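Below is one structure, written out as structure tokens; comments come after it.
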There are 2 protein chains.
Amino acid sequence: MEKPPGSEIEIFRDFIKKKGLRYTPEREVILREIFNIHDHFDVDELYLRLRNKGHRISKASIYRTLPLLIECGLVQEVYHEDGHMHYEHIYGHEPHAHFRCLSCRRVEEFRDERLEEVAREYAERYGVEIKMTRFEILGYCSSCRGEEG
Amino acid sequence: MEKPPGSEIEIFRDFIKKKGLRYTPEREVILREIFNIHDHFDVDELYLRLRNKGHRISKASIYRTLPLLIECGLVQEVYHEDGHMHYEHIYGHEPHAHFRCLSCRRVEEFRDERLEEVAREYAERYGVEIKMTRFEILGYCSSCRGEEG
DNA sequence: TAAACTATTGAAACAAAATTTCAATAAGGT
DNA sequence: ACCTTATTGAAATTTTGTTTCAATAGTTTA
């Protein structure tokens, strides 16, 4: 059950401790489940997955935990769709961008180093400190194009 | 009061007509006000600005008009913050990216052609049709860095 | 220009997302 | 084991956005 040093678990625990907060089972269960989801997710989906595994974690706790996970860089808001936010875990993943089809809602990830380059150069020129970047392409995928675009 | 051909007004009217919808004063007032805001805005701000000018446009109409303006490419969702969406008009503006300071909430625009290049190449490789792109850098601006980042 | 058709409007009801309240619990230090 | 206080779940609340519906008003047709 113990995770090796440098794991998301350890990072989260260290972060929580450093902030003077308490490392609770609920927080760990939420974190573990998020890192079991190898896809984008929303609060409702996460909540249901936890319930199906027998955990009785409230949505309030999920809503309270997510900002912490984002603050310590383990989780990211990916996009806002259908009236609510969608997330993904990012620790251990290379930075990547997203293509979203406006018709079938499919989401594809892709990688391009120029994006980080652009961000790095901006940060250097304006003296800002980057926390995260987000690049999205919205449009119609090859199957859907022509249908409404 | 009439705008020259190719103006946002004309584009919107043509778009509305082509869809078989009706070009109403409310829709035009909303469009005009949006193009008077030379900054990002949210629904509430737009609503208050219209009220202050004596217009009695309901929020429902704003919520109903925005998707139309987005569909015809005059307006864009820029980012979701504080629980609601923020928009900007884009007609007549070069494509640009955003830096948002997580501390002071300041938003800066910047331009980098490599971003469009990345999108164009992706579209070509995967045969997708681009409707819009979005690039954001989130972090701490030069004044705020060190405070919490 | 009158009549007919039907999309649009404002207001209010509604639904959904996210936050807050609060009493009970439990983490973590002493 | 005790104490302090952060965290929890549940429910209430707030906020965002959507839908309903009767009244209004574009637009087309004759």
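In the text below, chain A, chain B and the rest are named by the order of the sequence lines, each starting its count at 1. No experiment lies behind these values; they were computed from the predicted model shown.
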Q: Mind running a 4.0 Å heavy-atom check of residues 56-63 of chain A against DNA chain C and sending the residues that fall below it, in number order?
A: A:A60, A:Y63
Q. Is there a donor-acceptor pair closer than 3.5 Å between any side-chain N or O of A:R145 and the backbone N or O of B:G127?
A. yes
Q: State, with a plain yes or no, whether a side-chain heavy atom of A:C104 is found less than 4.5 Å away from one of A:S143.
A: no
Q | Residues A:Y87 and A:Q76: side-chain donor-acceptor under 3.5 angstrom | A | no
Q: Not counting sequence neighbours, list each pair that qualifies as a ring-ring contact (aromatic ring centres under 6.0 Å, His included) and has a residue in residues 66-86 of chain B.
A: A:H80-B:H80, B:H40-B:Y79, B:Y79-B:H86, B:H84-B:H86
(Q) Working note: A:Y122 + B:F99, criterion ring pair (Phe, Tyr, Trp, His ring centres under 6.0 Å); need CA distance, chi angles, decisive distance, verdict. (A) CA-CA 9 Å; A:Y122 180 88; B:F99 167 80; 5.7 Å; yes
Q | Donor-acceptor contact present, side-chain A:H98 to main-chain A:E136, <3.5 Å | A | no
Q) Should the pair B:R32-B:E28 be classified as a salt bridge under the 4.0 Å nitrogen-to-oxygen rule? A) yes
Q. Testing A:R111, A:E108, A:E88 for side chain to side chain donor-acceptor pair (under 3.5 Å) with A:H96, which one passes?
A. A:E88
Q: For B:H80 and for B:L68, locate the closest nucleotide of DNA chain C by heavy-atom distance; then report the residue assigned to the nucleotide nearer the 5' terminus.
A: B:L68
Q. Is A:M85 reachable from A:I30 through a run of hydrophobic residues whose side-chain heavy atoms are each under 4.5 Å from the next?
A. yes
Q. For the helix from C:dT1-D:dA30 to C:dT30-D:dA1, what is the angle between the axes at its two ends, each from 5 pairs, rounded to 10°?
A. 40°
Nucleotides 21-27 of chain D: which of its N/O atoms have a protein N/O under 3.5 Å away?
{"from": "D:dG26", "atom 1": "N2", "to": "B:R22", "atom 2": "NH2", "distance (Å)": "2.8"}
{"from": "D:dG26", "atom 1": "N3", "to": "B:R22", "atom 2": "NH1", "distance (Å)": "3.3"}
{"from": "D:dT27", "atom 1": "OP1", "to": "B:K17", "atom 2": "NZ", "distance (Å)": "2.5"}
{"from": "D:dT27", "atom 1": "OP1", "to": "B:Y23", "atom 2": "N", "distance (Å)": "3.1"}

Produce the list of close N/O pairs, under 3.5 Å, pairing protein atoms with atoms of nucleotides 14-16 of chain C; give distances to one decimal.
none

Q. What is the distance from CG of A:L46 to P of C:dA17, rounded to the nearest Å?
A. 14 Å
Q. Is a salt bridge present between B:R114 and A:E121, judged by a nitrogen-to-oxygen distance below 4.0 Å?
A. yes
Q: Looking only at non-hydrogen atoms, find the nearest pair between A:T133 and A:A119 and report the distance.
A: CG2-CB, 3.6 Å
Q.
Does anything in residues 43-72 of chain A form a ring-ring contact (aromatic ring centres under 6.0 Å, His included)? List the pairs, not counting sequence neighbours.
A. none
